[in-house]
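Here's the structure, in structure tokens; my notes come after.
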Amino acid sequence: MTPTPAQRTVRDIGPAHPEVEFALVLARTIDSVSSDPQQLRSAVYELARQKLQQLAHEDPAEKQRLVQALEAAIEGVEAHTKSNVIEKFEVPPARALPAFLEAAGAARRIEAPPPIDAEAAFVTTLDRVEPAAVSRRPRWSSSAPLRYIVMLAFFGLIAAVVLLQQRGVSLAAARAMIAGTLASAPPETQRPAVVAAVPAPAVAAEPPAPRRPLPTAYGVYAESAGKLYELQLIQGRAPDPRVAISAAITRPSETTLPDGHLRFIVFRREGAGGASDPIDVRLIAHVSQQTTFDATGKPVVSPGDDSWVIRNISIPFRAAPLKDDPQMFEVLPRDDAPLPPGRYALILKAQAYDFTVEGAVTDKRHCLQRLAAANGVFYSECEKP
């Protein structure tokens, strides 16, 4: 009974189909070479020598120089490899390269038997390969990109040597260049590299922005020069804006601010919902002089009785939510003009909060004269503040 193609063994198929034997021998040889870096380098060196011998060159002396250059490159690679050992692997048993060549020659001399299905035979042959031979694959053989990079670098080095030789560079100079690139130089030729320390340009670190002060207790506060000042409430309701002069205020201001660039922070339980509109700052004028009449109708001028009044002259402000705390909102001026020195009142929902901007008063609107006549009390601005 004639055996089927699936029943044929490697020994039966090998003489009839040398490509099968070639495939097995090549696979085992590549596995053996790739697992041993020394054997891999030797195979590459031998291939380079054969390729160089096959090059046709008219000048034997020039060809000999190229051979010497190749040997110099091989020495440099070996020196670099010995001084930079990465990892060693055990070489698995496999057929040697000469045995592969002998098997290839023997396969060519055997007369081919009647044709069979080569594809089925090749698949059957690969199925009969020992699993251990497939599983015993070292880690280095699986890093194909690393092997390709090493081989490309090596052949690039050979090409560089050949170009240097063709451009007239001597063999000794080429050997020195290779040795300087791949191997460490001898102690007497080593020169320490002197690197000039270039100081990095000094970059002035920007100071962190100061944190804005925020109140910790309910109230109305003025923020001036990075500090908070609590404003005191004036007793009674603030006059309607249509009223020119309020009732007399006999109590002096308790809050003095160093600068007229102001903003206010209102901290209340109702938060930003308690903001009124409009919000304004009104002038508080000092009554510096008082005029009365005696029984004969003669005017009597006397200094003021140290009293103040709220005028209907206002400076507009606007409310804005404060993102740091939902229970707070701030009151900002509608322009950047600072408040001139004098006394003022911040009006919030008909309540007046008193404060004074420090400095010499130069605005005549902050000074009033009072005239007490039989038909009423009248006020006028001072000629001089």
Any link between [X] and [Y] through a network of hydrophobic side chains (Ile, Leu, Val, Met, Phe, Trp, Tyr) touching at under 4.5 Å?
X    : Y    : result
I310 : I245 : no
I265 : L257 : no
L348 : L233 : yes
V220 : Y218 : no
V287 : I284 : no

Quiz item: Under 6.0 Å from the CZ atom of R251, do we count more than 12 heavy atoms belonging to anything else shown?
Solution: no

Practice problem: State whether the number of non-hydrogen atoms from other residues, nucleotides or ligands found under 6.0 Å of N375 atom CG is greater than 12. | Solution: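 Enclosed.
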
Looking only at heavy atoms, which two atoms of [X] and [Y] are closest? And how far apart?
X    : Y    : answer
P299 : T291 : CB-CG2, 4.1 Å
E254 : Q232 : OE1-CG, 3.5 Å
C382 : K364 : O-CD, 3.6 Å
A285 : R311 : CB-CD, 3.7 Å
E223 : P213 : OE2-CD, 4.1 Å
R370 : S307 : NH1-OG, 4.2 Å

A side-chain contact here means heavy atoms from C-beta on lying under 4.5 Å apart; do [X] and [Y] qualify?
X    : Y    : value
P215 : M328 : yes
S314 : R282 : yes
V281 : F355 : yes
V361 : R343 : no
Y344 : I315 : yes
L66  : L70  : no
I279 : F264 : no

Quiz item: Taking it one step at a time, do S253 and D354 satisfy side-chain hydrogen bond (donor to acceptor under 3.5 Å, both in side chains)?
Solution: CA-CA 6 Å; S253 178; D354 178 35; 3.3 Å; yes

Quiz item: Quick check: does any side chain N or O of R365 sit under 3.5 Å from a backbone N or O of L283, one acting as donor and the other as acceptor?
Solution: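 Pair absent, no side-chain N/O of R365 close to backbone of L283.
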
Quiz item: Mind checking what makes ring pair (Phe, Tyr, Trp, His ring centres under 6.0 Å) contact with Y353, not counting sequence neighbours?
Solution: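 Partners of Y353 by the ring pair (Phe, Tyr, Trp, His ring centres under 6.0 Å) criterion come out as none, since no residue qualifies.
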
Quiz item: With sequence neighbours left out, what residues match Y229 under ring pair (Phe, Tyr, Trp, His ring centres under 6.0 Å)?
Solution: none

Quick one: [atom1] on [X] to [atom2] on [Y], what's the gap to the nearest 0.5 Å?
X    : Y    : atom1 : atom2 : answer
Q369 : Q290 : CD    : CD    : 11.0 Å
I234 : L346 : CD1   : CG    : 10.0 Å
Q289 : Y379 : CD    : OH    : 13.0 Å
Y221 : L214 : OH    : CG    : 11.0 Å
S288 : D306 : OG    : CG    : 11.0 Å
E358 : D259 : CD    : CG    : 10.0 Å

Quiz item: Do the rings of H286 and W308 sit parallel, tilted or perpendicular, given the 30° and 60° boundaries?
Solution: tilted

Practice problem: Before accepting this row, confirm whether a basic side-chain N of the pair R263/E330 lies closer than 4.0 Å to the acidic partner's carboxylate O. | Solution: yes

